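Side chains are part of it too, since the values below use all heavy atoms of this structure and drop only hydrogens, waters and symmetry mates. Note that the coordinates shown come from a computational prediction; the quantities given were computed from them, not determined experimentally.
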Amino acid sequence: MEPIVTRFPPSPTGALHIGGARTALFNWLYARKKKGKFILRIEDTDTVRSTKESVGAILESLTWLGIDWDEGPYFQTERATIYTEYIERLVESGSAYYCSCTPEEVNAMREAAKANGLKPMYNGRCRKKNLGPGDNTVVRLKTPQTGVTIVQDIVKGDTAFQNSEMDDFIIQRSDGSAMYNLAVVIDDLTMGINTIIRGDDHLINTPKQMLIYQALGADMPSFGHVPMVLGADKSRLSKRHGAMSVGEYKHLGFLPDAMINYLVRLGWSHGDQEFFERNDLIEKFDLEHLGRSASMFDNDKLLALNAKHIQSKRPEILADHFLFHLKNLGIDAQNDAFTQGVIETLQSRSKTLVEMAKGAAFYYQEDVQFDEKAAHKFLNPDCLDMLQTIADDIEGLEAYTQATLEHVFKKIMDQTHLKFGKIAQPIRVAITGTTVSPGIFEMLLALGQEKTVQRIKTAIRLIQDTA
RNA sequence: GUCCCCAUCGUCUAGCCUGGUCCAGGACACCGGCCUUUCACGCCGGCGACAGGGGUUCGAAUCCCCUUGGGGACGCCA
């Protein structure tokens, strides 16, 4: 059996958005699963809207998601001569022809068709004129006027299109450049792509493309059209639905693994399984379980999945992603034992890495930023003695462990008859400046003996100064 | 307007192809409770759907038809 060759062909007119990322993911997953090839191709023939920045952003986002490609990126703008070659071949074989109708004339035809209750189409006026190339002439494909073209779709099943519904569409512009449908077919053909998974907004293009394959006498690839991703109001995902590019999600503190986990489950399933590791996905992904209906993007579910992935990853793996967000807060740190200890205390209470970084800031800051209300409520003269005792006891500890710390707390509780919370809260505020933090022992352990003592002493001075 | 696609809890979905094991399962969200040193995590429980109508059949979420609803496409964009 020939190896599977898939591709992802974004047009660089903006960042990589959610829908595109999912399409890329499906193609990539399938290629990896089948031990085939995944090719990246940039469809930049729309020179007006294509930008270099978009190309950069797309490549960066794919890389961040861990979607790597075996070939490319190819650029359609660099392949113009290949398209011209094929277009000429099509004209010579009588499958295509030159047309000198102006856009205005074609528009009039469309209006006329619409007025008759028909689909707006070009009427084939230049079909038999046998025109040669010239200024302001385009090349159109001579589409069959009768019969049907049946798309055998992997996810939708067979879909029949009446050939009479298709007009002689343009394959070459008057400036000599190739149109989308032609370029795609020639690329897919010459790159050996045999499996095309794309959004179902392309389903309508498929019969047109099949006609080109046929005119060329070429083998047809397999097609699979996946439903689109919709916004929360069921309309096409767009800016007003909030973040929609992969890059934004990176900055919002999402893990690439959570992202691909969420994206793949939007339209694909493996029984009741919700949580997937990357390798798990490669092993289990298939085309049979792709859904047929459109799905809405749900931020809450993404968030929940992100939390699960944060919980399940080892701190040293998480660290690199975490450090990026810490840096955004103006804190430079290393992937060392300290940072990993910090991460461990925050893993089960962070839905995003931004949350984690914010929650971790106090570990790294030299001076504790006291929340006024918290300090007022918990750092008062009443607890001076208690804090002093604890600071002394911790400082005197030879072994700084969970067990010895617990012992220190227990001793104070026995001496003062205070409840655990009455001791823990002031300490928490002294250490973090706020009333919300990781568990008291794990936090003190992660912070280290020296800083712990130092911060408690600072709090004591604060109380004495304000008293 | 014409053509195409789609239709299970609010959302993502399992089940549909190969009718009975489904008074429809899981997850997110939501609501209760437990755990508890804060915040979380975790655990237990609850709420909640086969769009409607016709068939076919002993039996339909599953097969067929119609209606309705949603989405997409109709470019010298991709």
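Spacing between atom CG of A:Asp201 and atom C1' of B:G75 amounts to 15 Å, rounded to whole angstrom units. To the nearest angstrom, P of B:A73 lies 15 Å from CD of A:Gln209. Rounded to whole angstrom, the span from the CG atom of A:Leu118 across to the C1' atom of B:C3 amounts to 11 Å. In this structure, CG of A:Leu305 is placed 14 Å from C1' of B:U11, rounded to the nearest angstrom. The nearest whole Å value for the distance from the CG atom in A:Asn205 to the P atom in B:C74 is 7 Å. At whole-Å resolution of the value, NZ in A:Lys358 and C1' in B:A40 are 17 Å apart. Following rounding to the nearest Å, A:Glu165 (CD) and B:G1 (P) show an atom-to-atom distance of 15 Å. Protein atom NE2 of A:His309 is 17 Å distant from nucleotide atom P of B:C41, rounded to whole Å.
Contact annotation for A:Arg49: base contact, defined as any heavy-atom pair under 4.0 Å involving a base atom. The residue A:Thr45 sits close only to the backbone: its heavy atoms come under 4.0 Å of sugar-phosphate atoms, none of a base. If you check every strand for non-hydrogen atoms under 4.0 Å, A:Met121 touches nothing. Residue-level contact check: A:His225 touches neither bases nor backbone, having no heavy atom under 4.0 Å from any strand. Here A:Cys101 lies in heavy-atom contact (under 4.0 Å) with a base. Counting non-hydrogen atoms under 4.0 angstrom, A:Lys156 reaches the backbone sugars and phosphates but no base. Across all strands, A:Gln311 comes closer than 4.0 Å only to sugar-phosphate atoms, never to a base (heavy-atom distances). Using a 4.0 Å heavy-atom criterion, one finds that A:Phe161 contacts the sugar-phosphate atoms exclusively.
Aromatic ring orientation, A:Phe285 versus A:Phe26: parallel (interplanar angle below 30°, classes split at 30° and 60°). Note on ring orientation: taking the six-membered ring where Trp is involved, the planes of A:Phe297 and A:Tyr249 are tilted (angle from 30° to 60°). Ring-plane geometry between A:Phe409 and A:Phe441 is classed as perpendicular, the angle between the planes exceeding 60 degrees on a 0 to 90 degree scale with a lower cut at 30.
Between A:Glu105 and A:Arg125 there is a salt bridge, since a side-chain N of the basic residue sits under 4.0 Å from a carboxylate O of the acidic one. In summary, A:Arg349 and A:Glu442 engage in a salt bridge, as defined by a charged side-chain N under 4.0 Å from a carboxylate O.
For the P atoms, the distance linking B:C3 with B:U21 amounts to 40 Å, nearest Å. Going from the C1' atom of B:C34 to that of B:G72 covers 49 Å, rounded to whole Å. The gap from the P atom of B:A78 to that of B:G19 amounts to 46 Å, rounded to the nearest Å. Distance check on atom C1': B:A49 versus B:A29 gives 16 Å, rounded to whole Å. To the nearest whole angstrom, the two P atoms, one in B:U56 and one in B:C64, are 15 Å apart. Rounded to whole Å, the C1' atom of B:G55 lies 23 Å from the corresponding atom of B:G15. Atom P of B:C50 sits at a distance of 29 Å from the matching atom of B:C4, rounded to the whole Å. Distance noted for atom P between B:U38 and B:G46: 28 Å (whole Å).
B:A60 is unpaired under the Watson-Crick or G-U wobble criterion, no partner having all donor-acceptor distances under 3.5 Å. Across all strands shown, B:C3 pairs with B:G72; the Watson-Crick or G-U wobble distances both stay below 3.5 Å. B:C43 is paired with B:G33 under the criterion used here, namely a Watson-Crick or G-U wobble arrangement in which both key atom distances are under 3.5 Å. Base-pair partner of B:U21: not found among the strands shown (Watson-Crick or G-U wobble, both distances under 3.5 Å).
Using a 4.0 Å cut-off, some side-chain N or O of A:Thr159 falls inside it from OP1 or OP2 of B:C5. In this structure, A:Arg41 does not reach the B:A78 phosphate: none of its side-chain N or O atoms is under 4.0 Å from OP1 or OP2.
With a glycosidic angle more than 90° from 0, B:C39 adopts the anti conformation.
The 12-atom threshold is exceeded at CD of A:Gln273, counting heavy atoms of other residues, nucleotides or ligands nearer than 6.0 Å. Heavy-atom neighbours of A:Asp385 CG from other residues, nucleotides or ligands within 6.0 Å: at or below the threshold of 12.
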What pairs of nitrogen or oxygen atoms, one from the protein and one from nucleotides 28-39 of chain B, lie under 3.5 Å apart?
from  : atom 1 : to       : atom 2 : distance (Å)
B:C28 : O2'    : A:Lys301 : N      : 3.4
B:U37 : O2     : A:Arg428 : NH2    : 2.5
B:U38 : O2'    : A:Thr435 : O      : 3.1
B:U38 : N1     : A:Arg428 : NH2    : 3.4
B:U38 : O2     : A:Thr435 : O      : 3.3
B:U38 : O2     : A:Ser437 : N      : 2.8
B:U38 : O2     : A:Ser437 : O      : 3.1
B:U38 : N3     : A:Arg428 : NH1    : 3.0
B:U38 : N3     : A:Ser437 : O      : 2.6
B:U38 : O4     : A:Pro438 : O      : 3.4
B:U38 : O4     : A:Gly439 : N      : 3.1
B:C39 : O2     : A:Arg349 : NH1    : 2.9
B:C39 : N3     : A:Arg349 : NH1    : 2.3

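Across B:C5, B:A78, B:C76, the shortest atom-to-atom separation from the side chain of A:Tyr180 is found for B:A78.
Counting only residues at least two apart or in different chains, ring-ring contact (aromatic ring centres under 6.0 Å, His included) contacts with residues 155-182 of chain A comprise A:Tyr180-A:His202.
Taking 3.5 Å as the limit, the base of B:A78 and the side chain of A:Asn181 contain no donor-acceptor pair of atoms between them.
Residue whose closest nucleotide on RNA chain B sits further toward the 5' end, between A:Ser348 and A:Lys208: A:Ser348.
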- [ ] Test A:Leu302 against A:Asp298 for side chain to side chain contact (heavy atoms under 4.5 Å, CB included), laying out the working first.
- [x] CA-CA 7 Å; A:Leu302 207 210; A:Asp298 180 8; over 6 Å; no

>> Could you walk me through whether A:Leu25 and A:Phe8 satisfy the side chain to side chain contact (heavy atoms under 4.5 Å, CB included) test, starting with their C-alpha distance in whole Å, then the side-chain angles of each, then the deciding distance to 0.1 Å, before giving a yes or no?
In response: CA-CA 9 Å; A:Leu25 179 62; A:Phe8 177 57; over 6 Å; no

The contact string for nucleotides 13-21 of chain B, one letter per nucleotide 5' to 3', using protein heavy atoms under 4.0 Å with B, S and - for base, sugar-phosphate only and none, comes out as SS-------

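In this structure, the side chain of A:Asp188 does not engage the main chain of A:Ile193 through any donor-acceptor pair within 3.5 Å. Although no hydrogens or angles enter the test, the distance criterion places no donor-acceptor pair under 3.5 Å between the side chain of A:Gln172 and the main chain of A:Ile87.
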